[in-house]
Amino acid sequence: MKLTFANDLANELKAKYNLDELTIAPEICPPNFAGDLTVNCFVLAKQLKARNPIAVAAEVKQFLDGHDDVVEAQVAKAFVNITLKPEALMRDTIQNEGQILAEAVLPKQEQRHILIEFSAPNTNKPQHLGHVRNNTIGMATASILESAGHQVTRINLVNDRGIHICKSMIAYQRFGNNTTPEREGKKGDHLVGDFYVAYDKEYRKQLAELRKNNPDLADKSDDDLFLNTEIGRAAQDMLIAWENNDEDVRELWKTMNQWVFDGFAETYRRMGVTFKHTYLESETYMLGKDIIQDGLERGVFKKREDGATVIDFEDPALGSKVVLRSDGTSVYVTQDIGTTLLKQKDYNPDQQIWVVGDEQIRHFKVLFAILKALGYEWADNLTHMAYGMVNLPTGKMKSREGTVVDADDLIDEMEELAKQATLEKAGDTPPENLDERAQTIAMAALKFMLLKVNPKTTIMFDPQASIKFEGDTGPYVLYAYARIASMLRKAQDQEDEAAPDWSALKDDSEKKLAIRCALYPEMLQKSARELDSSTLASYLLDLAKDFSTFYRICPVLNAEEPALKAARLHLSKCVKDILKHGLNALTINTLESM
RNA sequence: GUAUCCGUAGCUCAGUUGGAUAGAGCACCUGCCUUCGGAGCAGGGUGUCGGGGGUUCGAAUCCCUCCGGAUAUGCCA
């Protein structure tokens with residue numbers, strides 16, 4: 001917010017206290033105090049290295065009392081509450097059309113190229129609510145960064161190989177009767193997921209039998225006994241056959257993976273998820289080994305007595321990490337070293353971001369530390385955006401146990417609810433494009449629910465409570481937008497043009513709304529800087545609420561004077577533009593009417 | 001065991017580089033559709049900010065400690 005009085009005050013104090021730098025960032029005045037804006041002199045006194053904040057407040061008041069823009073400056077403790085002339089407040093906030101959105105973009109020299117990787121699904125099962133959170137956060141973060149002025153490259157890395165895929169394949173061979181998604185009338189990812197569950201069921205059965213026949217194995221974990229079961233060995237054998245390019249195995253793998261990819265494409269389409277490029281793990285999993293070899297020669301890694309290649313960190317918190325098994329094969333982190341280098345080579349970004357669950361915090365610390373030890377100067381610009389899990393009232397989601405909220409089902413359900421709600425509100429005449437509207441509203445509700453919470457927070461999703469269209473929701477913000485759109489449409493038909501009278505916007509609700517609008521650039525920037533969509537989402541809710549309050553108190557189309565009407569229309573238009581910009585930054589589409 | 005994160009209203013969550021009387025939404029209650037869209041607005045009650053100690057003019061926020069929870073601590077991914 002560029003407020004003239006704050007700038008003048010800063011210059012005055014800089015001269016008086018002989019300072020080069022001084023930032024005065026007035027806040028919205030709390031409701032219980034009279035004023036538009038507040039200067040906090042506790043904070044100011046620290047910058048001035050002044051002992052007494054109360055005395056600074058008196059100084060501030062004295063200066064502001066003589067300022068042209070100020071109607072009144074009241075001191076309360078070390079706070080100075082300021083009432084501005086409406087015309088001054090509007091001049092500094094909303095008067096210049098387009099200025100706020102222009103200021104939301106970072107200056108050129110601070111713009112960077114950021115590569116963001118997210119989604120990263122496995123191809124053995126359909127996506128669930130956890131993936132929905134990942135996809136939503138990934139897309140929104142990318143979009144927020146772009147809206148703030150950065151160049152962003154969206155990347156997916158699909159785990160299309162490995163033991164889990166073999167499990168689905170084994171189950172398909174045994175129980176599938178050569179069926180297909182077409183024959184079952186089912187999305188391919190769901191069909192493959194069914195076989196993953198079928199595999200687990202058979203595995204449990206064999207485990208139980210094994211334990212019954214061998215009481216001495218009782219203290220072994222399920223994982224320990226994997227290769228002791230027939231079906232476990234079968235999956236393992238299939239993985240080896242896959243690695244040896246066995247023709248039949250590869251053929252089945254291709255077929256089933258394609259089913260899953262087709263299913264994912266549909267889910268992504270509905271969510272509006274897109275990528276510049278999708279890496280396939282089957283094509284990258286062998287990367288990284290040569291770098292380990294190179295690092296071994298340079299002494300970054302060493303051979304341990306047991307034959308494993310390891311890195312010993314100086315930081316005891318990181319300890320020691322195996323990077324190649326004693327048989328010379330790669331581990332997870334080795335592949336990630338390879339793909340990180342690949343992405344760096346392919347796109348040469350200033351920063352790489354991974355949207356990956358917080359359970360992998362340590363993994364990424366180790367990965368980044370290894371890359372740093374290898375001497376890559378860009379290793380300092382790698383960010384693990386760790387987001388929290390989604391839990392259900394019944395506990396954690398587990399695909400194998402079928403205790404998941406399926407992504408497609410959830411979206412279906414949301415759209416149905418949105419449709420019902422739309423019909424209910426519409427009254428006698430059902431709106432055109434009902435399905436399209438319902439889709440937009442449904443996705444707004446779903447995405448906003450996920451984005452208004454700080455990504456780091458572990459969240460609880462209650463399917464019974466489902467998703468609301470009232471209160472602090474996406475549809476609430478959409479509704480405020482649609483009301484403004486409706487109002488502006490009507491205004492176009494009325495031809496009583498007048499120059500806006502800014503001095504007439506005297507009501508607290510008008511001033512507060514204008515200030516809120518002017519806060520947008522810093523809110524968007526904060527959201528981008530902190531990789532936190534909730535900052536922006538909360539702001540948009542506040543803006544929509546402030547508009548609703550203003551809308552009740554201040555007639556716009558029916559304003560007493562044409563000049564007042566013009567000013568209020570301008571203010572409303574400003575709110576509309578910001579809502580659209582902000583919602584789009586959250587990857588939420590707007591509706592001109594709903 | 002150790003490390004990291006978390007514990008705020010009945011519920012879901014904001015607020016945490018220390019600042020005014022700790023905020024929203026849901027739920028519950030009361031009003032408001034013959035004036036711009038009631039998916040809305042206005043009002044009502046709710047708190048040992050997990051407990052205890054410390055630093056400070058000032059602590060939900062920083063430090064210590066205890067309690068409770070999650071995650072990690074693989075030659076799994």
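Order of the sequence lines fixes the chain letters, A, B, ..., with proteins taken first and strands second; residue numbering starts at 1 for each chain. Note: hydrogens, waters and symmetry copies are ignored here, and every other heavy atom, side chains too, is used.
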### B:C62 to B:G18 separation - C1' atoms, rounded to the nearest Å
7 Å

### Query
Using a cut-off of 4.0 Å on non-hydrogen atoms, how would the nucleic acid contact of A:D462 be classed: base, sugar-phosphate, or nothing?
nothing

### Message
Salt bridge or not between A:D312 and A:K302? Use side-chain N to carboxylate O under 4.0 Å.
### Response
yes

### Query
Do A:T309 and A:R304 pass the side-chain contact (heavy atoms from CB on, under 4.5 Å) test, and can you show the C-alpha distance, the side-chain angles, and the key distance before you say yes or no?
CA-CA 6 Å; A:T309 306; A:R304 212 162 57 184; over 6 Å; no

### Task
Scan A:A317 against the nucleic acid and name what it touches under 4.0 Å (heavy atoms): base, sugar-phosphate only, or nothing.
nothing

### Summary
Sorted by position of nearest nucleotide on RNA chain B, 5' first, the leading residue of A:K425 and A:D223 is A:K425

### Message
Regarding A:I459, tell me which of base, sugar-phosphate or nothing describes its non-hydrogen contacts under 4.0 Å with the strands shown.
### Response
sugar-phosphate

### Query
Has the side chain of A:T38 got a donor or acceptor that lies under 3.5 Å from a partner of the other kind on the base of B:A20?
yes

### OP1 or OP2 of B:A20 under 4.0 Å from side-chain N/O of A:K77
no

#### Entry: Residue list, salt bridge (Lys or Arg N to Asp or Glu O under 4.0 Å) with A:K61, at least two apart or on another chain
A:D65

### Query
Counting side-chain heavy atoms from CB outward, which of B:U21, B:A77, B:G37 is closest to A:K490?
B:G37

#### Entry: More than 12 heavy atoms of other groups within 6.0 Å of A:E592 CD
yes

### Message
Under 3.5 Å, is there a donor on one side chain and an acceptor on the other for A:T83 and A:D36?
### Response
no

### Summary
By side-chain contact (heavy atoms from CB on, under 4.5 Å), A:K526 pairs with (sequence neighbours left out) A:R529, A:E530, A:T535

#### Entry: Minimum-distance nucleotide to A:N558 side chain [options: B:C36, B:U73, B:C75]
B:C36

### Query
Side chains of A:S221 and A:D224: is there a donor and an acceptor less than 3.5 Å apart?
yes

### Task
In whole angstrom, give me the gap between the P atoms of B:A22 and B:C26.
22 Å

### Message
Can you check the distance between B:C28 and B:C66, where both ends of the measurement are the C1' atom (answer in whole Å)?
### Response
37 Å

### Query
At under 4.0 Å between heavy atoms, what does A:M389 touch on the DNA or RNA strands: base, sugar-phosphate, or nothing?
nothing

### Task
Assign each of A:H363 and A:F79 to its nearest nucleotide of RNA chain B by heavy atoms, then name whichever residue's nucleotide is nearer the 5' end.
A:F79

### Query
What distance, rounded to whole Å, do you find between the two C1' atoms, one in B:A14 and one in B:G7?
15 Å

#### Entry: Length of the line joining A:N122:CG and B:C76:P, which is rounded to integer Å
17 Å

### Query
Between A:Y387 and A:R133, is there a cation-pi geometry (under 6.0 Å to ring centre, at most 45° from the normal)?
no

### Task
Check whether any side-chain N or O of A:R304 sits under 4.0 Å from OP1 or OP2 of B:C75, and answer yes or no.
no

### Task
Please state whether the base of B:A20 and the side chain of A:N81 form at least one donor-acceptor pair under 3.5 Å?
yes

### Query
Looking for any heavy atom pair under 4.0 Å, which part of the strands does A:T549 touch: base, sugar-phosphate only, or nothing?
sugar-phosphate

### Message
Between B:C5 and B:A9, how many Å separate the two P atoms, rounded to a whole number?
### Response
22 Å

### Query
Expressed in angstrom and rounded to an integer, what is the separation of A:D358 atom CG from B:U4 atom C1'?
10 Å

### Rounded P spacing from B:G52 to B:U61 in Å
12 Å

### Query
Under 4.0 angstrom, heavy atoms only, what part of the nucleic acid is A:E281 near: base, sugar-phosphate, or nothing?
sugar-phosphate

### Closest non-hydrogen atom pair between A:F448 and A:A537, with its separation
CZ-O, 3.5 Å

### Message
Considering every strand and a 4.0 Å limit on heavy-atom distances, what is the contact class for A:V331: base, sugar-phosphate, or nothing?
### Response
sugar-phosphate

### Query
Roughly, in whole Å, what's the span from NZ in A:K456 to P in B:G15?
9 Å

### Query
Please give, in whole Å, the distance from B:U35 P to A:R552 CZ?
16 Å

### Task
Could you tell me whether A:K545 contacts a base, only the sugar-phosphate backbone, or nothing, with contacts defined as non-hydrogen atoms closer than 4.0 Å?
sugar-phosphate

### Message
Students often get this wrong, so: under 4.0 angstrom with heavy atoms, is A:A482 touching a base, only sugar-phosphate, or nothing?
### Response
base

### Task
Would you kindly give the CZ-to-C1' distance between A:F550 and B:C36, to the nearest whole Å?
10 Å

### Query
Is A:C29 touching bases, backbone alone, or none of the nucleic acid, heavy atoms closer than 4.0 Å?
nothing

### Task
Starting from C1' on B:A72, measure out to OH on A:Y387 and report it in whole angstrom.
16 Å

### Message
Let's see if you can work this out: which of B:C36, B:C75, B:A20 has an atom nearest to the side-chain heavy atoms of A:Y551?
### Response
B:C36

### Query
Does A:F79 have any ring pair (Phe, Tyr, Trp, His ring centres under 6.0 Å) partners at least two apart in sequence or in another chain, and if so, which?
A:F42

### Query
Is any side-chain heavy atom of A:T440 closer than 4.5 Å to a side-chain heavy atom of A:T590?
no

### Message
Side chain of A:S486, heavy atoms from C-beta onward: which of B:A72, B:A39, B:G37 has the nearest atom to it?
### Response
B:G37

### Task
Just call it for A:K46: base, sugar-phosphate, or nothing, with non-hydrogen atoms closer than 4.0 Å on any strand.
base

### Message
For the aromatic rings, using the six-membered ring if either is Trp, is the centroid distance between A:F547 and A:F550 under 6.0 Å?
### Response
yes

### Task
Find the distance A:K576:NZ to B:G37:C1' and express it as a whole number of Å.
15 Å

### Query
How does RNA chain B read in dot-bracket, base by base from 5' to 3', with Watson-Crick or G-U pairs under 3.5 Å and | used when the partner is on another strand?
(((((((..((((.....[...)))).(((((.......))))).....(((((..]....))))))))))))....

### Message
Taking 4.0 Å as the cut-off, does a side-chain nitrogen or oxygen of A:S548 come that near to OP1 or OP2 on B:G40?
### Response
no

### Task
Taking side-chain contact (heavy atoms from CB on, under 4.5 Å) as the test, write out the residues that go with A:A566, two or more places apart.
A:P500

### Task
Grab the CZ-C1' distance between A:F461 and B:C13 for me, whole Å please.
15 Å

### Query
Heavy atom of residues 470-479 of chain A under 4.0 Å from RNA chain B: which residues?
A:E470, A:G471, A:D472, A:Y476, A:Y479

#### Entry: Rounded P spacing from B:G45 to B:A70 in Å
37 Å

### Message
Between A:Q494 and A:Q492, is there a side-chain donor-acceptor contact under 3.5 Å, judged purely by atom types and distance?
### Response
no

### Message
Using a heavy-atom cut-off of 4.0 Å across all strands, would you classify A:T422 as base, sugar-phosphate, or nothing?
### Response
base

### Message
Is B:C62 syn or anti, taking syn as a glycosidic angle within 90° of 0?
### Response
anti

### Task
Please work out if A:S326 contacts a base, only the sugar-phosphate, or nothing of the nucleic acid, heavy-atom cut-off 4.0 Å.
base

### Message
Strictly below 4.0 Å: does A:Y332 bring a side-chain N or O up to OP1 or OP2 of B:C75?
### Response
no

### Message
Can you see if the side chain of A:R483 gets near the phosphate of B:G38 - specifically, an N or O under 4.0 Å from OP1 or OP2?
### Response
yes

### Query
How far, in whole Å, is B:C41 from B:C36 if one measures between their P atoms?
16 Å

### Message
Need one value for A:N159: base, sugar-phosphate or nothing, where a base atom within 4.0 Å counts as base even if backbone is also close, heavy atoms only.
### Response
sugar-phosphate

